[in-house]
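I have placed the structure first, in the form of structure tokens, so that the comments after it can refer back to it.
Note that the coordinates shown come from a computational prediction; the quantities given were computed from them, not determined experimentally. Both ligands and their constituent atoms are indexed starting at 1 by order of listing.
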Amino acid sequence: MNSDIKQMEQLVERLNYLAYRYYVLDDPIVSDKEYDELYDALRALEEKTGTVLNNSPTKRVGGEPLKSFESHTHINRLYSLDKCNSFEGLRTWFEKLKTSGVTPKCTLEYKLDGLTICLTYRDGQLVTGATRGNGEVGENVTEQVKTIKSVPLSIPFKGTVEVQGEGIMRISALNAYNATAAVPLKNPRNAVAGAIRNLDVRETAKRNLDVVFYNVNYIDGKSLSSQTEQIEFLKENRFKTGMCFVSDDIEQIIAQIQSVDRSKLDFAIDGMVVKVDDGNARGAIGYTDKFPKWAIAYKFEAEETTTVLRDVLWQVGRTGKLTPLAVLDPVELCGATVQRATLNNYGDILRKDVKIGSRVFIRRSNDVIPEILGVAERGKNDIDVEKPDVCPCCGQELTEEGAHLFCTNFYGCRAQIVARIVQFCSKDCMDIDGVSIKTAEQLYDILGVRSPAELYELTSEQLSLIDGFKDKKISNFINAVKASVNADLPHFISALCIENVGKVTARALSEHFGCIDALKAAGVEELTAIQDVGEVVAQSIVDYFAAHGELIQKYKKLGIDPIYAKKAGGKFDGIKFVLTGTLQEFTRGDAAKLIEQNGGIVQSSVSKLTDIVVAGENAGSKLDKARSLGKKIIDESQFKDMLNS
Ligand code: IVH
């Protein structure tokens, strides 16, 4: 029995260390399989002995639902943060510090947008997890917090300590959850609050939450006088911490804030927090009754707001897929007036239970069209969004595939054909300049073009009927059409508009098959053997060639039948690269071209097969993944050295 307990202690220690490497450091040292074997061994011993150690990872799964939350009194009061919305506000705050005679060395951290979580450890064991509540008394959410795998159940420090952090749901975890959830989560903040304040602990466990720590709120038997010391202490005790930039120059801090690109992060932030680093200086500056005067949050412009959904329009894309476009009451968001938003597909409308007349949450992450997240408030006379049964453009009966609706009138639907002409001519495809949607509509309406293949037969006389097509433009167009016959295989595959086949897949297919006939002959099995090609993509490819063999013949007759020869002998021969973050001297497209010209392969995501990750500024989750897989990571200047070597 004693030896069982000893073995359990060893297993718990090992498993907790492995979880720390995986969840906190993103740097695993064993495979999932090896972890699972140790975990199962521990479970077996727990069953045999009827004992579960306090810090056993088996306590993380979540047991029976709780009846209610108990209240928890924090050892020290949890303060909130003062805020400002402009750099001027930040400068004013900083200047004031200087007048109180303190050293203005400050730290800069992300202001994570989640839920405050405060953990108490005694004798090295996690004893309580609590929400902030009113700052003095919060709710005891220990069981919920234990499900979060990056939270240590035991720590090396043995005194009493209360640490504060932000519970978050990563955007990747939210998207993964929403992909199969009956009711999608509206945003990361609601998602984490709903999970932590959920009496059913099993639901909390399902959300794969994380906590990033930024404060030691109480500590017994140790003095941590500065923020940087606090962060160091947190790291030493295996807590996950966020970015922490230190400077005594407010302009440097502002420049650092300006360089943050929220859209590249895998978690939501609503601002940045500046804190005076030194503990003595903090003491001299003091507190108001709500917040410390030695810290301030610089808040970003809101990316989220609510407005009323007035109508839903259905747009038909180049593959025949229908996309619902929401018509909204105009609303200001991120400095622009928003009147349209996307609802990904009909299934998405049902899942989000969005109705015409409802007030809805909308979010605009970067410059893309905003997205509807869910319903904020029902309207009095809400009406269901009608599911179309015929194509809004050509009247063809629609087919349903999963959550999507399709118009299958490939050769007769104007919207599809126009979209395909535009795609065919685009730079990433056959590179025939000057074909906007308006031009493509006229090619369809005036010249009767029904397929991109017919572009090769147009005469100057015909083209002169199109708006803006004068002598020079006509001859440029005709030359570009002629030259496009020599487009390479990846560009040609992209130009075909195969459902689910983008630029990166087109390149992978070209690499593997070398010519269109080989691709056309491939079955699902051969296709899925290719990296990045799953069942759905493979099926789309097989379906496309089964339906449009004649079109391929037509392209061949026009002389379009590219052969993809791997460039052998290049310095990057066969090396698989992933590009992430912002590069200074190259666009990512140029960097990709240079890699390919040298025989390398550019992948869209980091996987076991990736060789090198080139990380520019503000690289986000791909960089994290590269680290966790132990991949070689180089910066832009190292990449340049490789190119020039
Ligand atoms: S420090 C004594 N640092 O923002 C100061 N708070 O609006 C205590 N938050 O309740 C807070 N990221 O939930 C601090 N890096 C960060 C933060 C942060 C997010 C939250 C926290 C706090 C709220 C105040």
Side-chain angles (χ1 to χ4, degrees), residues 72 74-85 89-90 93 97 106-119 129-139 141 145 148 150-151 161-170 187-193 195-197 209-219 224-235 239-247 253 256-257 260 262 265-279 281-300 302:
H72 169 82
H74 303 297
I75 303 179
N76 267 344
R77 182 186 161 167
L78 293 177
Y79 281 90
S80 182
L81 286 171
D82 193 8
K83 60 171 193 269
C84 67
N85 297 307
L90 216 47
W93 171 81
L97 292 181
C106 287
T107 59
L108 176 71
E109 297 164 359
Y110 292 127
K111 185 170 185 325
L112 297 138
D113 197 8
L115 183 79
T116 307
I117 291 192
C118 183
L119 307 181
T131 61
R132 177 174 179 275
N134 62 9
E136 279 165 11
V137 180
E139 283 168 329
V141 288
V145 165
I148 305 175
S150 62
V151 168
V161 61
E162 203 168 79
V163 292
Q164 185 187 354
E166 199 76 355
I168 57 169
M169 186 163 183
R170 290 183 178 272
N187 62 38
R189 191 185 50 250
N190 288 1
V192 72
I196 294 285
R197 301 194 63 261
L209 304 181
D210 212 341
V211 187
V212 178
F213 291 86
Y214 45 72
N215 195 27
V216 178
N217 202 44
Y218 173 85
I219 188 155
L224 295 171
S225 65
S226 67
Q227 182 67 13
T228 38
E229 277 179 31
Q230 289 192 23
I231 299 286
E232 230 10 79
F233 170 84
L234 289 166
K235 280 190 187 156
F239 293 98
K240 190 179 270 188
T241 55
M243 75 93 99
C244 188
F245 173 80
V246 187
S247 172
I253 291 176
Q256 189 71 21
I257 296 176
V260 171
R262 298 159 87 179
L265 301 174
D266 193 27
F267 43 83
I269 58 173
D270 59 346
M272 301 294 290
V273 185
V274 187
K275 297 173 181 168
V276 170
D277 188 37
D278 183 63
R282 287 181 176 191
I285 303 162
Y287 293 77
T288 70
D289 59 343
K290 286 211 187 79
F291 45 73
K293 287 194 269 186
W294 46 258
I296 192 160
Y298 169 81
K299 296 270 285 193
F300 291 137

Legend entry - Closest non-hydrogen atom pair between A297 and L81, with its separation: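 Answer, listing the atom of A297 first, then L81: CB-CD1, 4.2 Å.
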Inset, instruction - Identify the two heavy atoms, one from K299 and one from N85, that lie closest to each other, and give their separation to 0.1 Å. - result: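 So the two residues come closest at CB-OD1, 3.6 Å.
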Inset, instruction - Working to the nearest 0.5 Å, report the span between CD of E166 and OH of Y110. - result: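 It comes to 14.5 Å.
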Inset, instruction - Consider only side-chain N and O atoms of R132 and Q164, and report whether a donor and an acceptor are under 3.5 Å apart. - result: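 On atom types as modelled, these side chains do not qualify, holding no pair under 3.5 Å.
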Inset, instruction - Indicate yes or no: at least one non-hydrogen side-chain atom of V274 is less than 4.5 angstrom from one of Y298. - result: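 Of all side-chain heavy-atom pairs linking Y298 with V274, none is under 4.5 Å.
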Inset, instruction - Could you check if a side-chain atom of T241 sits within less than 4.5 angstrom of a side-chain atom of F233, using non-hydrogen atoms only? - result: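 T241 vs F233: side chains apart.
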Pairs under 3.5 Å, nitrogen or oxygen of ligand 1 with protein nitrogen or oxygen:
unit_1: ligand 1; atom_1: 3 (N); unit_2: K275; atom_2: NZ; d: 3.0
unit_1: ligand 1; atom_1: 4 (O); unit_2: K111; atom_2: NZ; d: 3.0
unit_1: ligand 1; atom_1: 7 (O); unit_2: K111; atom_2: NZ; d: 3.1
unit_1: ligand 1; atom_1: 10 (O); unit_2: T116; atom_2: OG1; d: 3.3
unit_1: ligand 1; atom_1: 12 (N); unit_2: L112; atom_2: N; d: 3.1
unit_1: ligand 1; atom_1: 13 (O); unit_2: T116; atom_2: OG1; d: 2.5
unit_1: ligand 1; atom_1: 13 (O); unit_2: E166; atom_2: OE1; d: 2.6
unit_1: ligand 1; atom_1: 13 (O); unit_2: E166; atom_2: OE2; d: 3.4
unit_1: ligand 1; atom_1: 13 (O); unit_2: Y214; atom_2: OH; d: 3.3
unit_1: ligand 1; atom_1: 15 (N); unit_2: E109; atom_2: OE1; d: 2.9
unit_1: ligand 1; atom_1: 15 (N); unit_2: Y110; atom_2: O; d: 3.0

